[in-house]
Novice: 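There's a structure below that I have some questions on.
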Amino acid sequence: MRAIQVYEVGGPEVLREAEVDQPRPGPGEAVVEVAVSGVNFLDVYHREGRYSLPLPFTPGAEGAGTVVEVGPGVADVTVGDRVGWVEIPGTYAERAVVDSSRLVPLPDDINFETAAAVLLQGMTAHYLAKDAYPVQEGDTVLVHAAAGGMGLLLTQLIAHLGGRVIGTTSTTAKAELAKRAGAAEVILSSAVDDLAAEVRRLNGGQGLPVVFDGVGAHTFDASLASLRPRGHLVLFGAASGAVPPFDPMRLASGGSLTLIRPSLGDFIADRSELLRRAADVFAWVRSKALEVTVTGRYALSEAARAHSDLEARRTTGKLLLIPDAAAMGRREETQR
């Protein structure tokens with residue numbers, strides 16, 4: 001079968017299409033024919049070696065498709081089931097082998113594209129706004145990169161929960177997208193000299209209870225400076241690079257601040273919690289509380305271009321890989 005392989009860590013150019021053996025399921029595993037794979041910054045971190053995986057590996061950690069084979073002892077799914085999954089490497093391929101306990105059955109009204117576009121980031125938004133910092137009605141919060149795939153979902157969810165979002169974006173076009181998602185105010189990060197001062201101005205001169213920061217190195221200082229005493233910085237990503245080591249006394253001098261660096265895996269470790277979060281996300285999609293925005297569809301062979309576009313911030317919304325390029329062509333013709 002065809003798959004993208006990484007033989008050495010590095011830039012997008014290390015993503016190479018190759019012919020590999022068909023996967024076979026072991027005990028407790030299922031083989032899924034991949035219909036759609038989500039493209040995420042997590043995949044970039046794996047490709048760069050920031051989050052290490054044994055070489056060579058097939059990247060991609062979010063997908064949706066149909067179960068075609070199951071191994072011994074599988075009770076969670078059967079052949080023919082439509083499923084989605086997250087945080088299991090190997091989705092940039094025509095088929096993937098997945099621990100069956102990590103597969104999420106898809107409701108009839110959730111198609112493969114929606115599942116692959118919303119599961120990882122939707123459940124991330126879920127634990128960020130429900131657990132890492134439980135957003136309360138009336139909270140004013142800062143969301144960095146509010147027009148990205150993650151930012152749009154998080155902004156929508158916070159607005160749905162009654163919070164007021166101040167978002168940051170890099171362009172006026174992206175600012176309009178963030179506003180349509182529910183952001184009350186949007187700051188063009190390139191147009192202000194002191195981001196934290198602008199945040200405080202938009203909040204009546206006060207700091208915020210929480211900042212959701214998936215950007216990392218470029219925004220970390222401004223995020224801390226935007227908080228009120230006893231405020232919370234939720235650092236859930238590092239799109240601009242890892243935050244350098246810092247003196248924890250900065251948290252004390254900022255007013256007894258707290259910093260959390262959470263990861264989705266710890267919030268879906270139990271299958272019941274995985275299914276509960278997924279069910280909530282699907283319900284929000286169904287009710288239109290969350291609207292999934294897919295802005296880029298790529299053939300499997302275009303994985304490197306998808307990564308380049310994601311890292312260069314040339315995109316908004318969600319990017320998807322379609323292993324069956326012919327199916328993607330038929331879909332695009334239908335959409336025209």
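Residue numbers count from 1 along this sequence. Side chains are part of it too, since the values below use all heavy atoms of this structure and drop only hydrogens, waters and symmetry mates.
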Novice: Any donor and acceptor pair, going by atom type alone, linking the side chain of S37 with main-chain N or O of E62 inside 3.5 Å?
Specialist: yes

Novice: Is K318 paired with E113 through a side-chain N to carboxylate O contact shorter than 4.0 Å?
Specialist: no

Novice: Out of curiosity, T124 OG1 to I268 CD1, how far, rounded to the nearest 0.5 Å?
Specialist: 8.0 Å

Novice: Going by heavy atoms in the side chains, are L153 and Q156 under 4.5 Å from each other?
Specialist: yes

Novice: Taking atom types as modelled, is there a side-chain donor on T58 or Q5 under 3.5 Å from an acceptor on the other?
Specialist: yes

Novice: Can a donor-acceptor pair be found, under 3.5 Å and without considering hydrogens, that links the side chain of S256 to the backbone of A252?
Specialist: no

Novice: According to side chain to side chain contact (heavy atoms under 4.5 Å, CB included), who are the partners of H232, at least two apart in sequence or on a separate chain?
Specialist: Y133, V210, T258

Novice: Would a 4.5 Å heavy-atom cut-off, applied to side chains only, mark Y298 and L320 as touching?
Specialist: no

Novice: Please confirm whether the backbone N or O of A304 pairs with a side-chain atom of S308, one donor and one acceptor, at under 3.5 Å?
Specialist: yes

Novice: Is a donor from one side chain sitting under 3.5 angstrom from an acceptor on the other, for D81 and T78?
Specialist: yes

Novice: With the side chain counted from C-beta on, respond yes when E198 and D194 share a heavy-atom pair under 4.5 Å apart, and no when they do not.
Specialist: no

Novice: Let me confirm one number: the CG-CE distance from L42 to M150, rounded to the nearest 0.5 Å.
Specialist: 12.5 Å

Novice: List for me each residue that meets salt bridge (charged side-chain N to carboxylate O under 4.0 Å, His left out) alongside R261, sequence neighbours excluded, and say none if there are none.
Specialist: none

Novice: For V9 and V14, run side chain to side chain contact (heavy atoms under 4.5 Å, CB included): C-alpha distance rounded to whole Å, both residues' side-chain angles, the deciding distance at 0.1 Å, then the answer.
Specialist: CA-CA 7 Å; V9 297; V14 305; over 6 Å; no

Novice: With a 4.5 Å heavy-atom cut-off, do H307 and L15 have their side chains touching?
Specialist: yes

Novice: Please tell me if the side chains of V104 and V83 come closer than 4.5 Å, counting only heavy atoms from C-beta onward.
Specialist: no

Novice: Taking 4.0 angstrom as the limit, do D76 and R271 come out as a salt bridge?
Specialist: yes

Novice: Is it the case that D213 and T219 place a side-chain donor and acceptor less than 3.5 Å from each other?
Specialist: yes

Novice: Could you tell me which residues satisfy side chain to side chain contact (heavy atoms under 4.5 Å, CB included) with E17, sequence neighbours excluded, listed by chain and number?
Specialist: R2, I4, S301

Novice: Please find the pair of heavy atoms, one from A306 and one from L321, that lie closest to each other, and give the distance.
Specialist: CB-CD2, 4.4 Å

Novice: Has the side chain of R47 got a donor or acceptor atom that lies under 3.5 Å from a matching backbone atom of G10?
Specialist: yes

Novice: Pair up each side-chain donor or acceptor in residues 235-242 with any protein partner under 3.5 Å, not counting sequence neighbours, and list the distances.
Specialist:
residue : atom : partner : partner atom : Å
S240    : OG   : V215    : O            : 2.8
S240    : OG   : A217    : N            : 3.2
S240    : OG   : H218    : N            : 2.9

Novice: Is there a donor-acceptor pair closer than 3.5 Å between any side-chain N or O of E302 and the backbone N or O of A299?
Specialist: yes

Novice: Indicate the atoms forming the closest heavy-atom contact of S100 with V77, along with that distance.
Specialist: CB-CG2, 4.2 Å

Novice: According to a 4.5 Å side-chain heavy-atom criterion applied to Ile, Leu, Val, Met, Phe, Trp and Tyr, with indirect links allowed, do V68 and I322 form part of one hydrophobic cluster?
Specialist: no

Novice: Taking salt bridge (charged side-chain N to carboxylate O under 4.0 Å, His left out) as the definition, give me every residue that meets it alongside R50, ordered by chain and number, with sequence neighbours left out.
Specialist: E48

Novice: Roughly how far, to the nearest 0.5 Å, is CZ of F41 from CD of E311?
Specialist: 6.5 Å

Novice: Which atoms form the tightest heavy-atom contact between L177 and A147, and what is the distance?
Specialist: CB-CB, 4.3 Å

Novice: Does one hydrophobic cluster hold both V243 and V234, with members joined at side-chain heavy-atom distances below 4.5 Å?
Specialist: no

Novice: OG1 of T114 to CZ of F282: how many Å apart, nearest 0.5 Å?
Specialist: 9.0 Å

Novice: Would you find a donor on one side and an acceptor on the other, under 3.5 Å apart, between the side chain of T155 and the backbone of L152?
Specialist: no

Novice: Please evaluate residues V211 and L224 with respect to the criterion side chain to side chain contact (heavy atoms under 4.5 Å, CB included), reporting the C-alpha separation (whole Å), side-chain torsions for both, the decisive distance (0.1 Å), and the verdict.
Specialist: CA-CA 8 Å; V211 174; L224 282 180; over 6 Å; no

Novice: Report whether L264 and L233 are members of the same hydrophobic cluster (ILVMFWY, side-chain heavy atoms less than 4.5 Å apart, transitive linking).
Specialist: no

Novice: If the threshold is 4.0 Å, N to carboxylate O, is there a salt bridge linking E8 and R16?
Specialist: yes

Novice: Between G163 and V135, what is the shortest heavy-atom contact and its length?
Specialist: CA-CG1, 4.2 Å

Novice: Could you check Y127 against D266 for side chain to side chain donor-acceptor pair (under 3.5 Å), going step by step and ending with a plain yes or no?
Specialist: CA-CA 10 Å; Y127 88 76; D266 294 320; over 6 Å; no

Novice: Please list all pairs meeting salt bridge (charged side-chain N to carboxylate O under 4.0 Å, His left out) that have one or both residues in residues 134-159, counting only residues at least two apart or in different chains.
Specialist: none

Novice: Return the set of residues passing salt bridge (charged side-chain N to carboxylate O under 4.0 Å, His left out) with D131 (not counting sequence neighbours), or none when no residue passes.
Specialist: R277

Novice: Among residues at least two apart in sequence or on other chains, which ones pass side chain to side chain contact (heavy atoms under 4.5 Å, CB included) with D221?
Specialist: R250

Novice: On a heavy-atom basis, which atom in D43 and which in G38 lie closest, and how many Å separate them?
Specialist: OD2-O, 3.5 Å

Novice: Flag yes if V86 and L290 sit in one hydrophobic cluster, no otherwise; membership is Ile, Leu, Val, Met, Phe, Trp, Tyr, and two members link when side-chain heavy atoms are under 4.5 Å apart.
Specialist: yes

Novice: Quick one, P12 and R305 - any side-chain contact, counting heavy atoms below 4.5 Å?
Specialist: no

Novice: Measure across F112 and G65 and return the closest heavy-atom pair with its distance rounded to 0.1 Å.
Specialist: CE2-O, 3.3 Å

Novice: Is the side chain of R164 donor-acceptor paired with the backbone N or O of N203 at a distance under 3.5 Å, no angle test?
Specialist: no

Novice: What residues form a salt bridge (charged side-chain N to carboxylate O under 4.0 Å, His left out) with E87, not counting sequence neighbours?
Specialist: none

Novice: The criterion is side chain to side chain contact (heavy atoms under 4.5 Å, CB included); which residues satisfy it with E13, sequence neighbours excluded?
Specialist: none

Novice: Show me the side-chain donor-acceptor pairs of residues 182-189 shorter than 3.5 Å, one per line, residues at least two apart or across chains.
Specialist:
residue : atom : partner : partner atom : Å
S189    : OG   : T169    : O            : 3.3

Novice: Is it true that a side-chain atom of R95 and a backbone atom of A3 form a donor plus acceptor pair closer than 3.5 Å?
Specialist: no

Novice: Could you check whether any side-chain heavy atom of Y7 comes within less than 4.5 Å of a side-chain heavy atom of L55, counting everything from C-beta outward?
Specialist: no

Novice: Taking the side chain as every heavy atom from C-beta outward, state whether V143 and I158 have any pair of such atoms under 4.5 Å apart.
Specialist: yes

Novice: For the atom pair CG (N40) and OH (Y45), what is the distance rounded to the nearest 0.5 Å?
Specialist: 10.0 Å

Novice: What distance separates H144 NE2 from I166 CD1, expressed to the nearest 0.5 Å?
Specialist: 10.5 Å

Novice: If Ile, Leu, Val, Met, Phe, Trp and Tyr residues are connected whenever their side-chain heavy atoms lie under 4.5 Å apart, and connections chain through other members, are V6 and L53 in the same group?
Specialist: yes

Novice: Check residues 21-35 and write down every donor-acceptor pair under 3.5 Å in which the side-chain atom is one partner and the other belongs to a residue at least two apart or another chain.
Specialist:
residue : atom : partner : partner atom : Å
R24     : NE   : E69     : OE2          : 3.3
R24     : NH2  : E69     : OE2          : 2.9
E29     : OE1  : G26     : N            : 2.7

